Amino acid sequence: MSETPSNTLQYRFDGPEEAPVLILGPSLGTTWHMWDRQVPELAQHWRVFRFDLPGHGGAPAYPAGSVTDLAARLLNTLDGLGVQRFGYAGCALGGALGVELALRRPERVASLALIATSPRFGTADEFRQRGVIVRSNGLDPIARSSPDRWFTSGFAAAQPAITEWAVQMVRTTDPGCYIAACEALASFDVRAQLGGVAVPTLVLVGSDDQVTGPAEARTLVAGIPDARLAVVPGASHLVPVEQPAAVTDLLVRHFSTAWQPGYDTGTGQMAVVAAPAQPVLAVPPPLPVAVAEIAPPSAPAHASAGRPDPYDAGIKVRREVLGDAHVDRALAQADEFSGDFQEFITRYAWGEIWDRPGLDRRSRSCVTLTALVAGGHLDELAFHTRAALRNGLTPQEIKEVLLQAAVYCGVPAANSAFRVAQQVIREETTPQE
């Protein structure tokens with residue numbers, strides 16, 4: 001076990017110190033205990049390194065809002081321990097971290113296994129909406145729905161103790177760190193970079209995974225050179241928990257046979273590294289993970305020569321603040337008459353103003369809500385109330401903004417604004433059963 005500065009991760013080791021290091025990465029909402037059933041067998045052949053995400057499993061609550069940040073913290077942790085080269089297996093968010101490592105630091109990754117992983121998880125809207133729900137209701141709604149995302153219905157019914165364990169694992173996660181991890185998944189998209197993964201890769205998925213299922217797994221296999229696919233029957237998203245023996249078998253076989261030797265940094269030559277011992281497979285016992293996607297737009301060919309066209313930044317910020325669905329509708333409805341206006345607001349309102357560093361997005365939402373109340377623009381107030389929730393304002397804070405506006409913009413205007421905002425907040429913060 002470890003003491004954990006803010007730039008590292010909480011970790012533990014199992015297995016012989018002289019063995020090659022094999023890292024097991026957890027998914028969003030889980031702890032290193034999701035790998036409990038794999039460790040007894042893996043630790044016979046590797047020095048197994050497990051870690052907790054920030055705010056998960058009692059780890060210090062230092063939020064990390066990107067996969068790149070998480071990768072940097074993991075590498076800092078390994079550097080402090082003198083671990084330079086390792087095999088890596090990760091589930092969902094843990095798998096995204098594995099892809100990041102293989103792309104950014106390929107010389108350190110000897111072999112890779114991606115479990116319940118996608119090159120792009122769900123939609124950015126989906127994960128930011130999850131953050132809105134957590135800010136408004138805490139983690140309990142997410143915790144109660146986790147078994148439906150993680151396990152097949154038959155497993156959940158037959159294993160009530162494991163199901164309750166999964167619920168409690170999510171419930172005890174730090175909400176701020178959970179929201180930050182959702183942001184990390186919302187912004188993760190490596191579809192165009194998969195060809196750069198140059199380490200031996202196994203892609204493993206449950207046949208019944210409704211979160212990152214076989215279709216996403218095949219996208220990884222199609223993009224990563226020489227990657228192999230394994231589909232585990234009768235398993236949903238948390239495959240290592242639901243089908244522990246099958247997952248352990250696949251991991252042992254993969255890391256025993258596909259361990260790429262490293263380079264000698266002094267000579268630039270490939271170093272000869274002894275392969276891990278061939279295992280005698282045992283059947284270990286089961287334990288729990290969650291995840292889900294985003295799409296970059298193409299910019300119009302109207303870039304000024306002097307500096308980068310703000311349209312690119314504008315469409316990105318516009319989607320992050322208002323959501324893909326809203327922006328897609330607005331752009332789809334644009335025609336020859338209104339198309340120039342859509343380009344204008346994307347470039348100047350979103351690329352020039354919303355992307356300025358002088359105010360954070362929470363502050364800009366407060367200003368925007370007040371201005372819309374003053375102008376009586378109730379349609380725009382509705383979708384900017386949604387945007388304010390996505391930008392991190394709580395319903396209580398939105399109420400305070402509208403009360404302030406009532407003093408300076410007038411009671412009738414605020415009365416209408418409260419009615420609109422109340423309906424939006426009810427829709428956005430009511431957990432989906």
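For this chain, numbers begin at 1 and follow the sequence in order. Treat the numbers as computed from the prediction; the structure is a model and nothing was measured.
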Do [X] and [Y] come within less than 4.5 Å of each other through their side chains, counting heavy atoms only?
| X | Y | result |
| --- | --- | --- |
| Asn391 | Val321 | yes |
| Tyr178 | Arg130 | yes |
| Arg37 | Thr248 | no |

Can you check whether [Y]'s main-chain N or O pairs, donor with acceptor, with [X]'s side chain at less than 3.5 Å?
| X | Y | result |
| --- | --- | --- |
| Gln243 | Gly234 | yes |
| Thr77 | Leu9 | yes |
| Thr117 | Ile115 | yes |
| Arg390 | Val132 | no |
| Asp125 | Ala325 | yes |
| Thr163 | Pro147 | no |
| Arg171 | Asp140 | no |

Please identify each residue that fulfils ring-ring contact (aromatic ring centres under 6.0 Å, His included) with Phe344, with sequence neighbours left out.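 Testing Phe344 for ring-ring contact (aromatic ring centres under 6.0 Å, His included), a comparison that skips the adjacent residues, returns Tyr348.
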Can you name the ring-ring contact (aromatic ring centres under 6.0 Å, His included) partners of Tyr88, sequence neighbours left out?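 Residues passing ring-ring contact (aromatic ring centres under 6.0 Å, His included) with Tyr88: none at all.
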Restricting to non-hydrogen atoms, name the atom on [X] and the atom on [Y] that form the minimum distance, rounded to 0.1 Å.
| X | Y | value |
| --- | --- | --- |
| Ala113 | Phe255 | CB-CZ, 3.8 Å |
| Pro233 | Val231 | CD-O, 3.5 Å |
| Phe86 | Val83 | CD2-CG1, 4.3 Å |
| Ile142 | Val134 | CG1-CG2, 3.8 Å |
| Val373 | Ala417 | CG2-CB, 3.6 Å |
| Trp150 | Leu28 | CZ2-O, 3.7 Å |

Quick one: side chains of residues 220-229, donor-acceptor pairs under 3.5 Å with protein atoms, not counting sequence neighbours, listed by atom name and distance.
from: Arg228; atom 1: NH2; to: His254; atom 2: ND1; distance (Å): 3.3

I'd like to check the side-chain contact (heavy atoms from CB on, under 4.5 Å) partners of [X]; sequence neighbours left out, ordered by chain and number.
| X | value |
| --- | --- |
| Leu42 | Leu22, Leu24, Gln38, Trp46, Val48, Leu251, Val252 |
| Ala313 | Asp355 |
| Ala198 | none |
| Gln422 | Arg426 |

The criterion is side-chain hydrogen bond (donor to acceptor under 3.5 Å, both in side chains); which residues satisfy it with Gln404, sequence neighbours excluded?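 Listed in chain order: nothing, the list is empty.
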Taking side-chain hydrogen bond (donor to acceptor under 3.5 Å, both in side chains) as the test, write out the residues that go with Arg318, two or more places apart.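 Per chain and number, Arg318 pairs via side-chain hydrogen bond (donor to acceptor under 3.5 Å, both in side chains) with Gln342, Thr346.
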Anything under 3.5 Å between a donor and an acceptor, one on a side chain of residues 50-61, the other on a protein residue two or more places apart or in another chain? List them.
from: Arg50; atom 1: NH1; to: Trp32; atom 2: O; distance (Å): 3.0
from: Arg50; atom 1: NH1; to: Asp36; atom 2: OD1; distance (Å): 2.7
from: Arg50; atom 1: NH2; to: Asp14; atom 2: OD2; distance (Å): 3.1
from: Asp52; atom 1: OD1; to: Trp32; atom 2: N; distance (Å): 2.8
from: Asp52; atom 1: OD2; to: Gln10; atom 2: NE2; distance (Å): 2.9
from: His56; atom 1: ND1; to: Pro54; atom 2: O; distance (Å): 2.9
from: His56; atom 1: NE2; to: Gly29; atom 2: N; distance (Å): 3.1

Is it true that the side chains of [X] and [Y] contain a donor and an acceptor less than 3.5 Å apart?
| X | Y | answer |
| --- | --- | --- |
| Arg149 | Ser145 | yes |
| Thr152 | Glu242 | yes |
| Glu100 | Thr68 | yes |

Verdict with reasoning, Lys316 to Asp312, per salt bridge (charged side-chain N to carboxylate O under 4.0 Å, His left out): CA-CA 6 Å; Lys316 178 177 182 292; Asp312 294 326; over 6 Å; no
Can you confirm whether Asp335 is buried at CG, in the sense that more than 12 heavy atoms of other residues, nucleotides or ligands lie under 6.0 Å from that atom?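 Yes, CG of Asp335 has more than 12 neighbouring heavy atoms, counting only those of other groups under 6.0 Å.
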In Å, rounded to the nearest 0.5 Å, how long is the span from CG of Leu70 to CZ of Phe188? 11.0 Å
Point-to-point distance, once rounded to the nearest 0.5 Å, from OG1 of Thr31 to CE of Met169: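 One gets 5.5 Å once the value is rounded to the nearest 0.5 Å.
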Donor-acceptor contacts under 3.5 Å from residues 380-388 side chains, at least two apart:
from: Thr385; atom 1: OG1; to: Leu381; atom 2: O; distance (Å): 2.7
from: Arg386; atom 1: NE; to: Glu428; atom 2: OE2; distance (Å): 3.1
from: Arg386; atom 1: NH2; to: Glu427; atom 2: OE1; distance (Å): 2.6

Can you list every salt bridge (charged side-chain N to carboxylate O under 4.0 Å, His left out) pair that touches residues 392-406, not counting sequence neighbours?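 Non-adjacent pairs meeting salt bridge (charged side-chain N to carboxylate O under 4.0 Å, His left out): Arg362-Glu397.
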Would Asp324 and Arg128 satisfy salt bridge (charged side-chain N to carboxylate O under 4.0 Å, His left out), going step by step from the backbone distance to the final call? CA-CA 11 Å; Asp324 287 334; Arg128 294 193 172 109; over 6 Å; no
